[in-house]
Amino acid sequence: MNNEKVSTNMTTAIIIDGKIIAAEIQNELSLTVKKMKTKPGLAVILVGENPASQIYVRNKIKACEKAGIKSMEARLPKKATQEEVAAEIKAFNDNPDIHGILLQLPVPRHLDSNALIQMINPKKDVDGLTFKNIGALVTGIDGLVPCTPQGALILIQSIRYDLTGLNAVIIGRSILFGKPMAQLLLAENCTVTQAHSKTKDLEHVCQQADILIAAVGQPKMVKKSWIKPGAIVIDVGINRQEDGKLCGDVDYKEAIESAGAITPVPGGVGPMTITCLLKNTIKAAQNQ
Ligand code: NDP
């Protein structure tokens with residue numbers, strides 16, 4: 001895979017280019033779709049007008065079109081009730097042209113997002129968040145795996161395929177990312193530490209990591225001194241700075257002086273999330 005090397009006085013970090021890796025995989029996925037008799041269909045449900053969510057949904061639909069996947073969008077107003085959102089999910093569950101359903105998160109606070117997610121037919125659950133798919137992941141059975149951790153693993157394995165025995169530290173324990181990421185790395189025989197807001201001496205914990213993954217939502221929290229020289233660093237965070245630019249949870253400028261390989265923000269994990277959504281939609285269509 002195409003990863004660029006950046007030299008600093010201290011070390012030569014490989015920049016893991018998520019855009020290039022995502023484009024390679026998306027090309028392969030388009031070829032797969034071309035060969036399919038029934039074209040995969042993805043439905044995206046967006047509740048409210050969250051600007052970031054609107055951009056994510058637009059990008060997902062654009063990527064679907066490019067790959068030959070049909071997409072449908074259901075937009076509901078911010079004040080939509082639980083029953084109204086549930087009715088959309090039910091309609092897509094019953095629609096044979098739709099193989100994947102994605103409820104764009106976060107939903108407005110008055111809605112019970114977990115109850116809504118669990119209404120999605122697990123076969124169409126391309127976000128991998130229903131109990132059946134989470135259970136499959138923990139049990140080691142084939143299922144639909146959440147997109148961002150799935151993408152992060154591909155990036156890690158673009159640097160080193162066999163992860164057996166490596167120490168992996170994940171900062172963050174969300175159901176969307178941290179917990180499934182831990183399961184994926186356990187399945188790759190890593191020794192996994194899951195850190196969170198109550199972890200003591202986080203810097204010391206991170207210094208033990210051969211693979212360090214930050215999914216926190218705190219701009220530039222992870223400093224060079226936290227990173228074991230040569231470690232693979234995956235930055236999942238997306239934070240908007242005061243100047244309007246995006247940055248990750250890792251202090252990238254410092255971190256490249258210690259990391260062996262690192263993902264940039266933007267252009268690292270983000271493009272892989274969309275790619276794995278396409279992958280899951282195709283897989284869901286093939287299984288139905
Ligand atoms: P959540 O807010 O659900 O989880 C954040 C986690 O970080 C929690 O487990 C929390 O701990 C932990 N945390 C918060 N503060 C600290 C701290 N000071 N020290 C250690 N741990 C801390 O976020 P998500 O997992 O959904 O997302 C994390 C980041 O990743 C966000 O910036 C989000 O925008 C980004 N993201 C990017 C995606 C992409 O495609 N690139 C996709 C999904 C998310 P606790 O549990 O104790 O509260």
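What you see is a predicted model, and the numbers here were worked out from it, not measured in a lab.
- Across every non-hydrogen atom of G172 and Q194, the tightest pair is O-NE2, 2.9 Å.
- Between the side chains of N27 and S30, not a single donor N or O lies within less than 3.5 Å of an accepting N or O.
- Y56 shares a hydrophobic cluster with I238, L246; the chain of contacts runs through ILVMFWY side chains whose heavy atoms sit under 4.5 Å apart.
- What you find for G18 and P271 is that their closest heavy atoms are O-CB, 3.8 Å.
- Of the inter-residue distances, the one linking L212 atom CG with S258 atom OG reads 10.0 Å to the nearest 0.5 angstrom.
- A side-chain contact (heavy atoms from CB on, under 4.5 Å) with M272 is found for exactly one of L153, I234, I154, namely I154.
- Within 6.0 Å of atom NZ in K283, more than 12 heavy atoms from other residues, nucleotides or ligands are found, so the atom counts as buried in its surroundings.
- P219 and C247 get closest at one heavy-atom pair: CB-SG, 3.6 Å.
- Classification of E73 and R75 as a salt-bridged pair holds, one side-chain N sitting under 4.0 Å from a carboxylate O.
- V265 and I213 fall into different hydrophobic clusters, where Ile, Leu, Val, Met, Phe, Trp and Tyr residues are linked whenever their side-chain heavy atoms come under 4.5 Å apart, directly or through other members.
- More than 12 heavy atoms of other residues, nucleotides or ligands lie within 6.0 Å of NZ in K223, so this atom counts as buried by the packing criterion.
- V33 is listed as a side-chain neighbour of I69, based on a closest heavy-atom distance under 4.5 Å.
- Within 6.0 Å of NE2 in H110 there are more than 12 heavy atoms belonging to other residues, nucleotides or ligands.
- Here OG1 of T130 is found 13.5 Å from NZ of K124. Values are rounded to the nearest 0.5 Å.
- At a threshold of 4.5 Å between non-hydrogen side-chain atoms, the residues K279 and L29 count as touching.
- Side-chain contact between I61 and V57 is present, with at least one heavy-atom pair separated by less than 4.5 Å.
- Atoms CG and CG, from L278 and L42 in turn, are 8.0 Å apart once rounded to the nearest 0.5 Å.
- Between I171 and V205, every side-chain heavy-atom pair lies at or beyond the 4.5 Å cut-off.
- The side-chain heavy atoms of D210 and I232, taken from C-beta on, include no pair separated by under 4.5 Å.
- In this structure, L102 and T281 have side chains that are not in contact, with every pair of non-hydrogen atoms separated by 4.5 Å or more.
- Defined by atom type and a distance below 3.5 Å, a donor-acceptor pair is present between the side-chain atoms of Q157 and E188.
- A donor atom on one side chain and an acceptor atom on the other are not found under 3.5 Å apart for N93 and N121.
- Once rounded to the nearest 0.5 Å, the distance linking CG of N59 with CD of Q54 reads 12.0 Å.
- Taking CG of N280 as the start and CG of N133 as the end, the distance is 8.5 Å to the nearest 0.5 Å.
- Considering E28, Q26, E24, Q150 as possible partners of T275, the one that fulfils the side-chain contact (heavy atoms from CB on, under 4.5 Å) test is Q26.
- Expressed to the nearest 0.5 Å, how far CG of N239 lies from NZ of K220 amounts to 10.0 Å.
- A single hydrophobic cluster is not seen to contain both L144 and L184; linkage of ILVMFWY side chains at heavy-atom distances under 4.5 Å, directly or through other members, places them apart.
- Applying the 4.5 Å side-chain rule to ILVMFWY residues, one finds I45, V47, M72, L76, V85, I89, F92, I98, L103, L105, V107, L111, L116, I117, M119, I120, L129, L176 in the same cluster as I101.
- Side-chain contact between P146 and D127 is absent, with no heavy atoms from C-beta onward closer than 4.5 Å.
- Crowding of K70 atom NZ: a count of heavy atoms from other residues, nucleotides or ligands under 6.0 Å exceeding 12.
- Counting all heavy atoms, side chain and backbone alike, A255 lies closest to V250 at CB-CG1, 3.5 Å.
- Hydrophobic clustering keeps M181 apart from V138 (ILVMFWY residues linked when any side-chain heavy atoms are closer than 4.5 Å, directly or through intermediates).
- Smallest separation of non-hydrogen atoms from T263 and G268: CB-CA, 4.1 Å.
- The neighbour count for K228 NZ, taken as heavy atoms of other residues, nucleotides or ligands under 6.0 Å away, is above 12.
- Side chains of V269 and D235 form no contact here, defined as non-hydrogen atoms less than 4.5 Å apart.
- Closest approach of A209 to A231, counting heavy atoms only: O-CB, 3.5 Å.
- Using modelled atom types, one finds a donor on one side chain and an acceptor on the other under 3.5 Å when comparing S225 with E203.
- Around NZ of K39, the count of heavy atoms belonging to other residues, nucleotides or ligands within 6.0 Å exceeds 12.
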